[in-house]
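The structure appears right after this line, and notes come after that.
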Amino acid sequence: MAIALVTGASRGIGKATALQLAGEGYTVAVNFHHNITAATEVINHIVEAGGKAFAVRADISDEAQVMAMFDSIDREGEPLTALVNNAGILFEQSTIESLSAERINRVLATNVTGYFLCCREAVKRMSHKHGGKGGAIVNVSSAASRLGAPGEYVDYAASKGAVDSLTTGLALEVAAQGIRVNCVRPGLIYTDIHASGGEPGRVDRVKAMLPMQRGGQPEEVAQAIAWLLSDKASYVTGSFLELAGGK
Ligand code: NAD
């Protein structure tokens, strides 16, 4: 079959996506940064269900680590045909006056540079221009790219705006090379990303403002990502799918 790389796949949306894609027949490259125990649990889960997966450690903001990760994927002997750029970071709520340069740079390094580096290495392997079989990329952005997240995390929202723009440009650049590039924009999804910082009750407050009156589950994002990667979406590129309960 073929390999799908999911970044940040040891928990949350990345974990749900890894499980979904394994169920659809991909061999899943489970990227993790620190937590090898959690990554191993994801792999065990996939293998017990009859699927195939392996772990690849890399900090996606580090160019050398990203290149080494893709080299290790090459050694598996199956073509890489799917990339899910999912790993991302969000810091505690803050107004602009308190945003340090260090925080801004860390957010951009992971949420933007990391996505660029993984796209670059994936395109080198998927592109018909380089003898590849083609493939599909899904970038995980956020509803925050449209809404701005004022008073909370404009740095995060801006990083996701860059992800949107990367999607548009790269989709056009590689459309004739057999690669589709699409984007999902989740709203409130119940994962651990909301555990750090945030005022007490924030999740309930946000939920109450949503037309569907509920947050989403990681599996609901995973299913949309899997569809965008699949041949069912063979004429879809440069598109944005809102997964935000109507907001
Ligand atoms: P999460 O915190 O549960 O998972 C993020 C994963 O990314 C973790 O496994 C973490 O270890 C990994 N990661 C972080 N920095 C990394 C790095 N430098 N290198 C490699 N891995 C790294 O969060 P989640 O909610 O599952 O978020 C996944 C994606 O969805 C993120 O891009 C996030 O911005 C986006 N998103 C989430 C929500 C939400 O409400 N949960 C909404 C919109 C968008």
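For ligands, and for the atoms within them, numbers begin at 1 and follow the listed sequence.
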State the atoms of ligand 1, each with its element, that fall below the 4.0 Å cut-off from a heavy-atom position in Ile89. 14 (C), 15 (N)
Minimum-distance protein heavy atom relative to atom 31 (C) of ligand 1: Asn86 O, 3.1 Å
At a 4.0 Å threshold, what atoms of ligand 1 neighbour a non-hydrogen atom of Leu188? 40 (O)
Could you check whether any heavy atom of Lys160 sits closer than 4.0 Å to an atom of ligand 1, since that is the contact criterion I want to use? yes
Compute the shortest N/O to N/O distance between Ile60 and ligand 1 and return yes if it is under 3.5 Å, no if not. yes
Sub-4.0 Å heavy-atom contact, Ala58 with ligand 1: yes
Quick one, Asn85 with Cys119, criterion side-chain contact (heavy atoms from CB on, under 4.5 Å). Give me CA distance, side-chain angles, the key distance, then yes/no. CA-CA 8 Å; Asn85 263 323; Cys119 282; 3.3 Å; yes
Taking atom CG of Leu5 and atom OG1 of Thr81, what is their separation to the nearest 0.5 Å? 11.0 Å
Check this for me, if you would: do Glu76 and Lys52 make a salt bridge, where the nitrogen-to-carboxylate-oxygen distance has to be below 4.0 angstrom? no
Just checking, is any N or O donor in the side chain of Glu97 or Thr95 under 3.5 Å from an acceptor N or O on the other one? yes
Ligand-side contact atoms (ligand 1) for residue partner Asp59, heavy atom cut-off under 4.0 Å: 17 (C), 18 (N), 19 (N)
Got a protein heavy atom sitting under 4.0 Å from atom 6 (C) of ligand 1? yes
Going by the atom numbers of ligand 1, which of them fall below 4.0 Å from some non-hydrogen atom of Gly12? 3 (O), 26 (O)
What protein heavy atom lies closest to atom 22 (C) of ligand 1? Include the residue and the distance to one decimal. Ala87 CB, 3.5 Å
In plain terms, say whether Arg120 and Glu63 are close enough for a salt bridge, that is, a side-chain N and a carboxylate O under 4.0 Å apart. yes
State plainly whether the residues Arg146 and Asp164 are in salt-bridge range, i.e. N to O under 4.0 Å. no
Got a salt bridge between Lys232 and Glu24, using NZ or NE/NH1/NH2 to carboxylate O under 4.0 Å? no
Just to check, does Thr7 reach to within less than 4.0 Å of ligand 1 when the distance is taken from its heavy atoms? no
Quick check on Ser10 - does any of its heavy atoms sit under 4.0 Å from an atom of ligand 1? yes
Is the count of non-hydrogen atoms from other residues, nucleotides or ligands lying under 6.0 Å from Gln213 atom CD greater than 12? yes
Which atoms of ligand 1 are found less than 4.0 Å from any heavy atom of Asn31? 20 (C), 21 (N)
Heavy atom of Ser141, distance to ligand 1 below 4.0 Å: yes
What is the nearest protein non-hydrogen atom to atom 30 (O) of ligand 1, stated with its residue, atom name and distance? Val140 CG1, 3.3 Å
Can you name the atoms of ligand 1, numbered from 1 with element, that are less than 4.0 Å from a heavy atom of Tyr115? 32 (O)
Given the rule in the side-chain contact (heavy atoms from CB on, under 4.5 Å) test, do Glu121 and Ile73 qualify, once you have shown the distances and angles that lead to the verdict? CA-CA 11 Å; Glu121 293 308 308; Ile73 292 171; over 6 Å; no
Sub-4.0 Å atoms of ligand 1 with respect to non-hydrogen atoms of Tyr156: 33 (C), 34 (O), 35 (C), 36 (N), 43 (C), 44 (C)
Go through the steps to decide whether Tyr190 and Val203 satisfy the test side-chain contact (heavy atoms from CB on, under 4.5 Å), and finish with yes or no. CA-CA 9 Å; Tyr190 297 120; Val203 167; 3.8 Å; yes
For residues Thr113 and Ser61, determine if any side-chain heavy atom of one lies less than 4.5 Å from a side-chain heavy atom of the other. no
If you measure every N/O of Phe32 against every N/O of ligand 1, is any gap under 3.5 Å? no
For Arg11, is at least one N or O under 3.5 Å away from an N or O on ligand 1? yes
Of all the heavy atoms in Arg185, does at least one lie under 4.0 Å from an atom in ligand 1? no
Here the atoms of ligand 1 under 4.0 Å from any heavy atom belonging to Ile189 are 39 (C), 40 (O), 41 (N)
N or O pair under 3.5 Å between Thr191 and ligand 1: yes
Return yes when atom NZ of Lys133 has more than 12 non-hydrogen atoms of other residues, nucleotides or ligands closer than 6.0 Å, and no otherwise. no
Ligand 1 N/O within reach of Gly187 N/O, cut-off under 3.5 Å: yes
